[in-house]
Amino acid sequence: MKHKSLVLTRPMQLGKTTLFSLAELVFSKNKKCPDGLKYEPPEDLKNACFVLRVDFGAVNAGYERTKTWEEVGRKLDRSAYMEIERAINSFLNAHKDVEKVFRRTTPVASDCNSGQLLENLAGAVKSIKADAVLLILVDEYDAPMREILLEMLEEKGRPLADNILNTETRLRRAYPQYITFFKACKTISSILPNTKTWLTGITPLDLPHLSRFIPTVVTFHSDLTDVVGLRDADVDHMLDQVHNYNSFKDDDEKARVRAAIKEHYKGLKFLYGDGLYHTRLVNSVMNNLLSDRERQQWLQDLTKPMASVRVEKCPSSVFNVVATAPNLRPVVNALLTTGEVSGYSLNRDFSLSDLLNTNIAVDDYLTLLVHLGILSVSWSQ
């Protein structure tokens, strides 16, 4: 909790949302911190915070085809506003004392932008408890902009000068609610000094440039390498628990299941850390193993994942972006022949805007692949 604001990016299905669910249980006034945690939270923060949770994973532009990225952006921005409004209403329903003040000081929601709503919420919390800790959890923070920026990267015939810096005004016009919300995440510290904002997502955005909101990037922080994802010990423990409720026929059956999980759901590694398994996928496997019918169906063929375990796809545009990168072909060839790439470094401050520069470093493309979980990384001093 020492950081005022931070952003952690990780590939899909490693458990970022689960991490936020745990944070909510640990810190929220309206939840109960689970027993037996490996690391106990400070007593003055344990179930003592006001927690606003916003999930941009549900943001979408609908199915109607539009002509320009600005039109798509405006639809995504409107969807983001609706999610912010929904999150604030959910917060108010859980804190009736705050709601009374908020309703009295806030005009009709449709007359306020997202930043004003957040500032009014902070003011209402302050009136209830002047030294309150307001923890803002923003899951999939990059979802409203991610696909748009990747599409801008792959536009055919795009002038090199037409980059994010030169389209800043256009982006702000297309995303007023989204950008205003993050501006307020910074400014409300003058209302509630103990405000903290945590973000998770897949790809890194240049939020400081767009909104002046400057989070601490902890994506490659050594202490947070395995903060999400499952390690070997975690998977072994889960299989032991499955065995307690629905026992394996013999050690061979358990070993075959274990080998199949390792083959299909492991393959990510971050600096300093262990090889990681996909949290949601392994959870799906365990749920199926608890069912006799599903288990027998799956055990008939351990060469492929269960059909009921759905693998999420990376943002569609990323493959076109990487495929058209002229200086990435040698790296792709190396991966195909040896599975390893040496002689490059990660851009720890990487954001998608880096890919719009006229001189794009190979390292930046590789860093993008790491963020998306397509490429694993290791580190040696």
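Quick caveat, the model's predicted, so the values are computed rather than measured.
Remark: Lys186 pairs with no residue by the side-chain hydrogen bond (donor to acceptor under 3.5 Å, both in side chains) rule, at least two apart or across chains. Shown here are the side-chain hydrogen bond (donor to acceptor under 3.5 Å, both in side chains) partners of Thr200, two or more places apart in sequence or in another chain: Asp139. Shown here are the side-chain hydrogen bond (donor to acceptor under 3.5 Å, both in side chains) partners of Glu70, two or more places apart in sequence or in another chain: Arg170. Remark: Gln177 pairs with Ser114 by the side-chain hydrogen bond (donor to acceptor under 3.5 Å, both in side chains) rule, at least two apart or across chains.
In this structure, the side chains of Leu372 and Pro11 stay at 4.5 Å or more apart for every pair of heavy atoms. With a 4.5 Å cut-off on side-chain heavy atoms, Val54 and Phe181 count as touching. Within the 4.5 Å cutoff, the side chain of Glu40 has heavy atoms near those of the Lys46 side chain. In this structure, the side chains of Ile84 and Tyr178 stay at 4.5 Å or more apart for every pair of heavy atoms. You'll find the side chain of Asn194 stays beyond 4.5 Å of the side chain of Leu134, heavy atoms only. Contact check for Leu366 versus Phe350: no side-chain heavy atoms found under the 4.5 Å cut-off. Contact annotation: the side chain of Leu137 never approaches that of Leu52 to less than 4.5 Å [non-hydrogen atoms, C-beta and beyond]. Using a 4.5 Å heavy-atom threshold, the side chains of Lys183 and Phe213 count as separate.
Atom SG of Cys33 and atom CG of Leu45 lie 11.0 Å apart (nearest 0.5 Å). Note: Met286 CE to Leu230 CG = 8.0 Å, rounded to the nearest 0.5 Å. Between the CG atom in Leu328 and the CG atom in Leu369 there is a gap of 6.5 Å [rounded to 0.5 Å]. Atoms CD1 and CZ, on Ile136 and Phe91 in that order, are 9.5 Å from each other to the nearest 0.5 Å. With rounding to the nearest 0.5 Å, the separation of CG in Leu290 from CG in Asn244 is 10.5 Å. Atom CD of Glu83 sits about 13.5 Å away from atom CG of Leu76, to the nearest 0.5 Å.
Smallest separation of non-hydrogen atoms from Leu192 and Ala122: CD1-O, 3.5 Å. The heavy-atom pair separating Leu205 from Asp142 by the smallest distance is CD1-CA, 3.6 Å. Pairing each heavy atom of Gly15 with each of Val228, the nearest pair is O-CG1, 3.7 Å. Closest approach of Thr105 and Asn120 over heavy atoms only: O-ND2, 4.2 Å. Minimum interatomic distance between Cys112 and Thr106 (heavy atoms only, all atoms of both residues): SG-CG2, 4.0 Å. Pairing each heavy atom of Thr367 with each of Ser345, the nearest pair is OG1-O, 4.5 Å.
Judged by distance alone, the side chain of Ser79 and the main-chain N or O of Lys75 form no donor-acceptor pair under 3.5 Å. A donor-acceptor pair under 3.5 Å is absent between the side-chain atoms of Asn287 and the main chain of Ser284, judged by distance alone. Within the 3.5 Å criterion, the main-chain N or O of Thr68 finds a donor-acceptor partner in the side chain of Glu71.
Salt-bridge formation is not detected for the pair Asp77/Arg172: no Lys NZ or Arg NE/NH1/NH2 atom is positioned less than 4.0 Å from an Asp or Glu carboxylate oxygen. Using a 4.0 Å cut-off between a side-chain N of Lys or Arg and a carboxylate O of Asp or Glu, Glu99 and Lys96 qualify as a salt bridge.
Other residues, nucleotides and ligands contribute at most 12 non-hydrogen atoms within 6.0 Å of the CG atom of Asp349. Within a 6.0 Å radius of CG in Asp252, other residues, nucleotides and ligands contribute more than 12 heavy atoms. Crowding of Lys100 atom NZ: a count of heavy atoms from other residues, nucleotides or ligands under 6.0 Å not exceeding 12.
Taking the six-membered ring where tryptophan is involved, the planes of Phe182 and Tyr141 are perpendicular, since the angle between them exceeds 60° and thus also 30°. Using bins of under 30°, 30° to 60° and over 60° for the plane-to-plane angle, the ring pair Phe27/Trp198 lands in the perpendicular bin.
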query: Could you go step by step and tell me if Arg231 and Asp234 meet the salt bridge (charged side-chain N to carboxylate O under 4.0 Å, His left out) rule?
result: CA-CA 5 Å; Arg231 297 166 297 178; Asp234 300 320; 3.5 Å; yes

- request: Tell me, with the steps shown, if Arg258 and Asp236 meet side chain to side chain contact (heavy atoms under 4.5 Å, CB included).
  value: CA-CA 8 Å; Arg258 185 68 177 86; Asp236 291 337; 2.6 Å; yes

field: side chain to side chain contact (heavy atoms under 4.5 Å, CB included) evaluation trace for Leu268 with Leu14
entry: CA-CA 9 Å; Leu268 295 174; Leu14 278 193; 3.8 Å; yes

Stepwise side chain to side chain contact (heavy atoms under 4.5 Å, CB included) check, Tyr365 with Asn347: CA-CA 9 Å; Tyr365 282 113; Asn347 178 357; over 6 Å; no

message: Evaluate Val217 against Arg348 for side chain to side chain contact (heavy atoms under 4.5 Å, CB included), listing each step before the verdict.
response: CA-CA 8 Å; Val217 179; Arg348 297 177 185 234; over 6 Å; no

message: Please determine whether salt bridge (charged side-chain N to carboxylate O under 4.0 Å, His left out) holds for the pair Asp250 and Arg256, giving the CA-CA distance in whole Å, both sets of side-chain angles, and the decisive distance to 0.1 Å.
response: CA-CA 10 Å; Asp250 49 44; Arg256 290 191 297 130; over 6 Å; no

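Within the cation-pi definition used here (under 6.0 Å to the ring centroid, within 45° of the axis), Arg10 qualifies as a partner of Phe270.
Within the structure, salt bridge (Lys or Arg N to Asp or Glu O under 4.0 Å) pairs that include any residue of residues 14-31 comprise Glu24-Arg53 (at least two apart or interchain).
Grouping the Ile, Leu, Val, Met, Phe, Trp and Tyr side chains by contacts below 4.5 angstrom, directly or via other members, places Val51 with Leu37. Clustering ILVMFWY residues whenever any of their side-chain heavy atoms sit less than 4.5 angstrom apart, transitively, puts Met82 in a cluster other than the one holding Leu92. Hydrophobic clustering, with ILVMFWY side chains joined whenever heavy atoms are under 4.5 angstrom apart, keeps Leu8 apart from Leu25. The hydrophobic cluster containing Leu210 does not contain Ile214, counting ILVMFWY residues as joined when their side-chain heavy atoms lie under 4.5 angstrom apart, directly or transitively.
A side chain to side chain contact (heavy atoms under 4.5 Å, CB included) with Leu368 is found for exactly one of Ile374, Leu355, Asp363, namely Leu355.
When only modelled atom types and interatomic distance are considered, His371 and Thr203 share no side-chain donor-acceptor pair under 3.5 Å. Side-chain contact, Thr219 with Thr9: a donor N or O sits under 3.5 Å from an acceptor N or O. Checked by atom type, the side-chain pair His95/Asn30 shows a donor-acceptor distance below 3.5 Å. A donor and an acceptor atom, one from each side chain of Tyr81 and Asn113, are nowhere located under 3.5 Å apart. Side chains of Gln13 and Thr279: a donor-acceptor N/O pair is absent below 3.5 angstrom, by distance only.
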Return a table of donor-acceptor pairs under 3.5 angstrom between the side chains of residues 125-133 and protein atoms on other chains or two or more places apart.
| from | atom 1 | to | atom 2 | distance (Å) |
| --- | --- | --- | --- | --- |
| Ser127 | OG | Ala124 | O | 2.6 |
| Lys129 | NZ | Asp131 | OD1 | 2.8 |

